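The block underneath contains the structure these notes are about, expressed in structure tokens.
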Amino acid sequence: MQYPRHAAVLAGVGGWLPPRVVDNHELSQRLDTSDEWIRTRTGIRQRHIAAPGESTVDMAVRAGGRAIRSAGMTEVDALVLATATPDQVCPGSAPQVASGLGLGGIFALDVNAVCSGFVYALATAAGLIATGVAGRVLVIGSDTFSTLVHPDDRSTVPIFGDGAGAVVLRAGEPDEPGALGPFDLHSEGELADLLVVPAGGSKQRTSADPHDYFLSMQGTRVFRLANARMAESTRAVLDQAGLSVHEVDRFVGHQANVRILQAVAKQLGLPPERLVVNIERTGNTSAASIPLALADACCDGSLRSGHLVVLSAFGAGLTWGSTVLRWPDIKLSE
Ligand code: ACO
């Protein structure tokens, strides 16, 4: 089906967290860490961890189904899945998510921009809508980072959690509530080694060191870069939109560390109460973090119809980017 050129308008949102909760006290029984260290350095109190056999696709199907129902739809024309933890290295997981939702046959594509994946996937979906390839696109961020962190690594295990979040975009008008854009998106591949799983890919196929199959993170450098890039990108996207930071009602940043969100707000001159923060109960869920934060904020009423919302992310790659929208009237669904 062909559609005329249109803006991408947010029409539904949904999230899914695996039932098992691991709090900081439980972690401190097996790692050299403490609830106090994790809370004060990251803002995290607990994270949800997928059960063995519960995969990125399973969580994406749950969140995607909620977003489709929230949009009042029963089907979509295309699916873009942001993930760095697909069920298999090959093929991509999006087609399995589509089939799991009973939507086998539609366009289904994985986007791997790690923690920036959801914002990149939104831009991809908006392009599908603008070019008439699709009129309704399900965009899901789903990651199972608990499978990428070495169980004994106290510098990564406490930070990451599992989960999925999703939105539905539909073709609409650029001036209606929910219309996405502009976008500001960037990458810096020279710094890929700051956050990397060294082995198991085509460059280093095998390694004698089992740690090479898990995430290695230079946390302090990533922390500083995330602060700078998310603030720069937010300014850039607001400039493109002809808006000022004082008009922003809610800043929904990638939930990597509450101190990063606070530092970005400080640089921007944004009052801290305008930050959407749910990291204390989810940890860093990578591509799922922004849509999960949207679903949570929508649910608890802190995100309301008419709010000017900035979405901004930073992640491995390196990748980062932002977009902006006026929050539409959205009803959540089970
Ligand atoms: N418990 C106790 N102590 C710890 C722990 C822990 N879990 N982890 C590290 N430490 C120790 C370190 O060993 C170090 O000890 P030392 O001073 O004796 O050497 C000390 O605490 C300080 O360590 P730092 O790494 O300097 O701590 P920092 O304040 O930078 O916090 C953190 C670390 C939380 C990882 C922070 O750097 C951070 O959030 N980085 C950003 C992560 C991020 O944004 N990722 C986003 C992208 S994720 C993606 O795309 C996949």
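Both counts, for ligands and for their atoms, begin at 1 and track the order of listing. Remember, predicted model here, so these are calculated numbers, not experimental data.
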Ligand 1 to Val114, heavy atom cutoff 4.0 Å, flagged ligand atoms 49 (C), 50 (O), 51 (C)
Regarding Asn284 and His254, is there a side-chain donor-to-acceptor distance under 3.5 Å anywhere? yes
- Sidechain N-carboxylate O distance under 4.0 Å for Asp329, Lys331: yes
Contact region, Ile38 to ligand 1, non-hydrogen atoms below 4.0 Å, reads neither
request  = Would you kindly say whether Ser302 and Asp300 are connected by a side-chain donor-acceptor distance under 3.5 Å?
outcome  = yes
Of all heavy-atom pairs linking Ser312 and Thr234, the shortest is OG-OG1, 3.5 Å
>> A quick test of your reading: do over 12 heavy atoms of other residues, nucleotides or ligands sit less than 6.0 Å from CZ of Arg170?
In response: yes
key: Is_contact(atom 9 (C) of ligand 1), protein non-hydrogen, under 4.0 Å   = yes
Ligand 1 to Thr33, heavy atom cutoff 4.0 Å, flagged ligand atoms 1 (N), 2 (C), 6 (C), 7 (N)
- Hey, are the side chains of Gln46 and Asn24 touching, using non-hydrogen atoms and a 4.5 Å cut-off? no
- prompt: Just wondering, are more than 12 heavy atoms of other shown residues or ligands nearer than 6.0 Å to CZ in Arg30?
  reply: yes
of all protein heavy atoms, closest to atom 11 (C) of ligand 1 is Arg154 NH2, 3.6 Å
Ala316 heavy atoms within 4.0 Å reach ligand 1 at atoms 49 (C), 50 (O)
Heavy-atom proximity to atom 50 (O) of ligand 1, picking from Pro158, Ser286, Cys115, points to Cys115
Nearest non-hydrogen contact to atom 40 (N) of ligand 1 from the set Ser34, Gly219, Ala84 belongs to Gly219
task = Indicate yes or no for a side-chain donor-acceptor contact from His48 to the backbone of Pro18 under 3.5 Å, with no hydrogens or angles considered.
result = yes
Counting from 1 in the order shown, the ligand 1 atoms closer than 4.0 Å to a non-hydrogen atom of Thr42 are 34 (C)
Closest to atom 33 (C) of ligand 1 among protein heavy atoms sits Trp37 CH2, 4.0 Å
Exercise. Specify whether the nearest protein heavy atom to atom 20 (C) of ligand 1 is under 4.0 angstrom away.
Key: no
Going by the 4.0 angstrom heavy-atom rule, the piece of Asn257 near ligand 1 is side chain
Quick note on ligand 1: atoms under 4.0 Å from a heavy atom of Phe145 include exactly 51 (C)
Among non-hydrogen protein atoms, atom 43 (C) of ligand 1 lies closest to Val222 CG1, 3.5 Å
message: Taking Glu26 first and then Arg20, would you say they form a salt bridge - that is, a charged N and a carboxylate O separated by under 4.0 Å?
response: yes
In terms of its nearest heavy atom to atom 35 (C) of ligand 1, the top option of Ile159, Thr40, Thr220 is Ile159
Taking only non-hydrogen atoms of Ala256 and a 4.0 Å limit, the atoms of ligand 1 in range are 43 (C), 44 (O), 46 (C)
Quick look: Phe223 vs ligand 1, heavy-atom contacts under 4.0 Å, and the answer is both
Does any N or O atom in His254 lie less than 3.5 angstrom from one in ligand 1, N or O only?
no
>> Whether Arg136 and Glu75 form a salt bridge (side-chain N of Lys/Arg under 4.0 Å from carboxylate O of Asp/Glu) is what I want to check.
In response: yes
### Electrostatic pair Arg235:Glu232 at N-O distance under 4.0 angstrom
no
Ion pair check, Arg229 and Glu188, cut-off under 4.0 Å:
yes
| field | Heavy-atom protein neighbour under 4.0 angstrom from atom 30 (O) of ligand 1 | value | yes
Within 4.0 Å of some non-hydrogen atom of Met217, the atoms of ligand 1 are 35 (C), 42 (C)
- Query: Using 30° and 60° as the class limits, which term best fits the ring planes of His150 and His211: parallel, tilted or perpendicular?
  - Reply: parallel
Within the 4.0 Å heavy-atom cut-off, what Asn284 brings close to ligand 1 is side chain
A student checking ligand 1 against Arg41 at a 4.0 Å heavy-atom cut-off should list atoms 22 (C), 27 (O), 28 (P), 29 (O)
